[in-house]
Q: 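I'd like to ask some things about the structure below.
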Amino acid sequence: MSDQLLAELAQAADLSIDWTDAYGQPQRVSAEAQRNLLEALGYPAQSPEQIRESLTSLVHRQHVPEDSALLLQDQHQPLALTLYPAESLYRLTDEQGNISEGRLDHDGHLPAQQQPGYYQLEIRDTQHALAVAPSACMSVQQLCGKPRIWGLTAQLYGLRRTGDGGLGDTLAVADLARHAANYGADAIGLSPVHAQFSADLRSYGPYSPSSRLFFNTLYAAPVTLLGEDRVKRAIQAAGLHSEMTRLEALELIDWPAVAATRQRLMRQLYADFCNDSGQLQERFDAFRTAGGDALQQHCCFEAIHAQRLREGASGDWRTWPEALRSPNQGAVTRFAIEHIDELRFHAFCQWLIAHGLETAQATASGAGMGIGLIADLAVGADCAGSQAWSRQDELLPRVTVGAPPDVLNRQGQNWGVAAFSPQGLRQHGFRAYIEMLQANLAHAGGIRIDHVMGLQRLWVIPQGAESQHGAYLRYPLDDLLRLLALESHRHRALVIGEDLGTVPEGLRDKLAARNILGTRVLLFEQDDLGFVPAERWPGNALATTTTHDLPTIKGWLAGRDLEWRVRAGQRDAELLEGDHAERAGERVALRQLLERQGMVSGGDDDACLQACIEHVGRTTAPLALLSLEDACGLEQQPNLPGPGDIHPNWRRRYPLAVSELLEQPATSERLTTLDGARREAGHD
């Protein structure tokens, strides 16, 4: 079999068979791995004949775009339309229905458009969707009227309020925004709120959702829409008060028990709601209508998934009877009709969480925040989930996303989530990508894109294969960035890219050119001279003390993460002493930097934490984000990446209710310090 022919097919299918590893060494994907990947991507490649057929089909699709393909035009720039003769007549209709007419110029270019947005373009009896994108996303200065701002990051599930029943919710988010705004904060970065599998009570990892188009209904605070009296009656009718009180008192979240309790409450609220006609019914009907096919399909997936689990069958849609494996099949339509009330219940739950997020963002804006909530967009969704089922033409259900072997993970990583199909996105006008951005920006003033490198390339692995047998899949970066800039303007939203780890050459420059903030973490900002002074931090990235996957500052100073890695079986115990010795050297280097900047008084960890916060605040970063863990001086981190389940990932709750948390003297002092440092940096 010709390796050259195989490589041509891989290239046409957007696979990079040559790449550079974390050690700077060139690598090549083996022929066998190429074949397995191509098969998983839907391109038969087991014989020269199959390869030629797949290549012919791919090339044809690339040169003859589908009717549903999307044309992309840069604002203020003409667009070459090579398929049409020069000076052809065209008609352009914008989103408000306004029509403009004209001719292509003598070179066959569509004239420059002054207003960004989505348009319908008609030329010679042919229709095209057109997106006109601004050159860059909106900046902190444009959104807030000042060059330097700060905010907090919080694990939504860990927030507390009286009566929450053991899990954070949107009402606690609103409380946090209100209190943080009093200290001068302009933003609240939240952990992902993507939809999970509601019938699987043990599914709660926020970065492995069922769908990134809808929300985790467990985070809903029904009281904000239905009123306190109605919720109290439902709790009493369902007999949930004692269990909710028990769960609320726990230090760690009992996810299965919380999920079961909240779903019982939702069922009771829904039953009561169905017996109560009035204005709320009309609002709910309007919500369902606005949700369209996407909402209907998600609710249908939830209902089928739950029924399959009740029957003892697999919830993975790829194992369902053939008649149920696509939302567009007649059997699925019949199921939806037969189970209309169940679908309506799931829509009711989505209505409650959407309203709660909308209320929290309105609270943040009303309290004076320039950004408000920053949504966290996970890098993918579970291959067995709702989004993969409903968007099969645009996602790749037979490959998973991960990372190649590197210094920390010699076997590589497999995150178990589905990737977008580059070809599918192009053929369907980037529908799945656009709707995902719109869904996550619907109730937020910003978005953080986890593993932003995925806009350029993702390491994909055939289902069931080892991570090292994957390859990088290329994506249409420039087009994805154009659409990101367009949605930033349409929603007046800040865009952040998490660019930690191995970053392709030139990507950070492209992100900066589009006003997409990168991410810089204090613990990583080191060079040969030690920790980097505040004035040398980049001005095109956010600055933060830590992330959910890293130790808190006090935890790092105490070496808690080192001890946890040994306890979790990720590190040999005999290496712990050496790890602590290395950490001791880093602690000295950090203190030396802080002392040179005149910020450490006293030798304890509280003083060092205070200085670290001030240090981050003094950087030239447009946005400084302080984790709520560091604001409160906590030692334990939310998540410990890597194998094993000994560490209580995504289960820790904050020690006090939000109404008390920020008012503790030490926490209040830290926030005041950060606000002062930011104001000072803004005057430089």
Side-chain angles (χ1 to χ4, degrees), residues 193-205 208-220 255-256 259-260 262-267 269-271 274 284 287-354 378 380-398 400 416-418 424 431-432 435-436 439 463:
V193 294
H194 304 314
Q196 296 290 342
F197 299 85
S198 64
D200 182 356
L201 303 186
R202 297 185 178 276
S203 171
Y204 59 84
S208 301
S210 172
S211 176
R212 295 175 291 174
L213 299 179
F214 296 96
F215 304 119
N216 186 341
T217 58
L218 297 182
Y219 294 143
W255 278 100
R262 291 213 168 181
Q263 288 185 21
R264 281 177 59 192
L265 175 59
M266 291 291 199
R267 294 281 179 184
L269 287 168
Y270 177 67
C274 289
F284 175 48
F287 173 82
R288 292 179 64 207
T289 300
D293 290 343
L295 177 61
Q296 172 79 356
Q297 289 169 357
H298 176 71
C299 295
C300 193
F301 176 90
E302 287 275 78
I304 298 174
H305 180 262
Q307 178 171 289
R308 295 282 295 171
L309 293 185
R310 285 194 302 270
E311 295 171 350
S314 170
D316 188 334
W317 63 268
R318 295 166 296 183
T319 69
W320 293 356
E322 189 68 37
L324 297 177
R325 289 186 193 172
S326 168
N328 301 316
Q329 292 176 280
V332 173
T333 302
R334 288 192 295 274
F335 180 94
I337 294 172
E338 293 167 2
H339 298 82
I340 183 63
D341 194 58
E342 184 67 8
L343 270 65
R344 199 167 179 268
F345 164 72
H346 288 294
F348 173 78
C349 295
Q350 286 295 324
W351 181 46
L352 294 182
I353 179 62
D382 195 306
C383 297
S386 164
Q387 190 176 9
W389 177 72
S390 64
R391 295 293 179 261
Q392 293 176 45
D393 291 339
E394 293 147 279
L395 273 81
L396 298 168
R398 295 170 59 196
T400 56
V417 294
R431 175 190 61 169
E435 68 179 357
M436 182 184 70
Q463 198 80 35

Q: Looking only at atom types and distance, does a side-chain atom of Q196 sit under 3.5 Å from a main-chain N or O of G205, one as donor and one as acceptor?
A: yes
Q: Can you name the nearest heavy-atom pair linking A220 to I353, along with the distance?
A: N-CD1, 3.6 Å
Q: Once you round to the nearest 0.5 Å, how far does CZ of F197 lie from CZ of R202?
A: 16.0 Å
Q: From M266 CE over to S198 OG, what is the distance, rounded to the nearest 0.5 angstrom?
A: 10.5 Å
Q: Heavy atoms, side chains only, cut-off 4.5 Å: are F335 and Q329 in contact?
A: no
Q: What orientation do Y204 and W255 show, parallel under 30°, tilted 30 to 60°, or perpendicular over 60°?
A: parallel
Q: Kindly compute the distance separating OG (S386) from CG (L213), expressed to the nearest 0.5 Å.
A: 7.0 Å
Q: Considering non-hydrogen atoms only, spot the tightest contact between C300 and A336 and give its length.
A: SG-CB, 4.2 Å
Q: Can you tell me how far CG of L352 sits from CZ of F287, rounded to the nearest 0.5 angstrom?
A: 9.0 Å
Q: Do the non-hydrogen side-chain atoms of L269 and F348 ever get within less than 4.5 Å of each other?
A: yes
Q: Could you work out, with ring pair (Phe, Tyr, Trp, His ring centres under 6.0 Å) as the rule, every residue matching H298, not counting sequence neighbours?
A: F214
Q: Return the CZ to OG distance between F301 and S210, rounded to the nearest 0.5 Å.
A: 4.5 Å
Q: So which heavy atom on W389 is nearest to which on L324, and how close?
A: NE1-O, 3.1 Å
Q: Under the ring pair (Phe, Tyr, Trp, His ring centres under 6.0 Å) rule, collect the residues that match up with F345, sequence neighbours excluded.
A: Y270
Q: Nearest 0.5 Å, what's the CG-CZ distance between L265 and R267?
A: 12.0 Å
Q: Considering non-hydrogen atoms only, spot the tightest contact between L396 and A418 and give its length.
A: O-CB, 4.0 Å
Q: Give a yes or no on whether the backbone of L218 and the side-chain of R262 come within a donor-acceptor separation of less than 3.5 Å.
A: yes
Q: How close do Q387 and A381 get, heavy atom to heavy atom, and via which atoms?
A: OE1-CB, 3.4 Å
Q: Any sub-3.5 Å donor-acceptor pair from E394's side-chain atoms to A432's backbone N or O?
A: yes
Q: Search all heavy atoms of V417 against all heavy atoms of C383 and return the closest pair with its distance.
A: C-SG, 3.8 Å
Q: Check for a donor-acceptor pair, side chain of R318 on one end and backbone N or O of P397 on the other, with a separation under 3.5 Å.
A: yes
Q: Is S208 reaching over with its side chain to a backbone N or O of D382, donor-acceptor style, under 3.5 angstrom?
A: no
Q: Would you say R308's side chain and A313's backbone share a donor-acceptor pair under 3.5 angstrom?
A: no
Q: Got Q263 and L201 here, is their nearest side-chain heavy-atom distance under 4.5 Å?
A: yes
Q: Is H194 reaching over with its side chain to a backbone N or O of A378, donor-acceptor style, under 3.5 angstrom?
A: yes
Q: Do Q297 and R391 have side-chain heavy atoms sitting under 4.5 Å apart?
A: yes
Q: Apply salt bridge (charged side-chain N to carboxylate O under 4.0 Å, His left out) to the pair E302 and R344, showing each step before the final yes or no.
A: CA-CA 11 Å; E302 287 275 78; R344 199 167 179 268; over 6 Å; no
Q: If only atom types and distance count, is the side chain of Q392 paired as donor or acceptor with the main-chain N or O of R325 below 3.5 Å?
A: yes
Q: As a quick check of understanding, evaluate side-chain contact (heavy atoms from CB on, under 4.5 Å) for E342 and Q307, giving each step before the final call.
A: CA-CA 11 Å; E342 184 67 8; Q307 178 171 289; over 6 Å; no
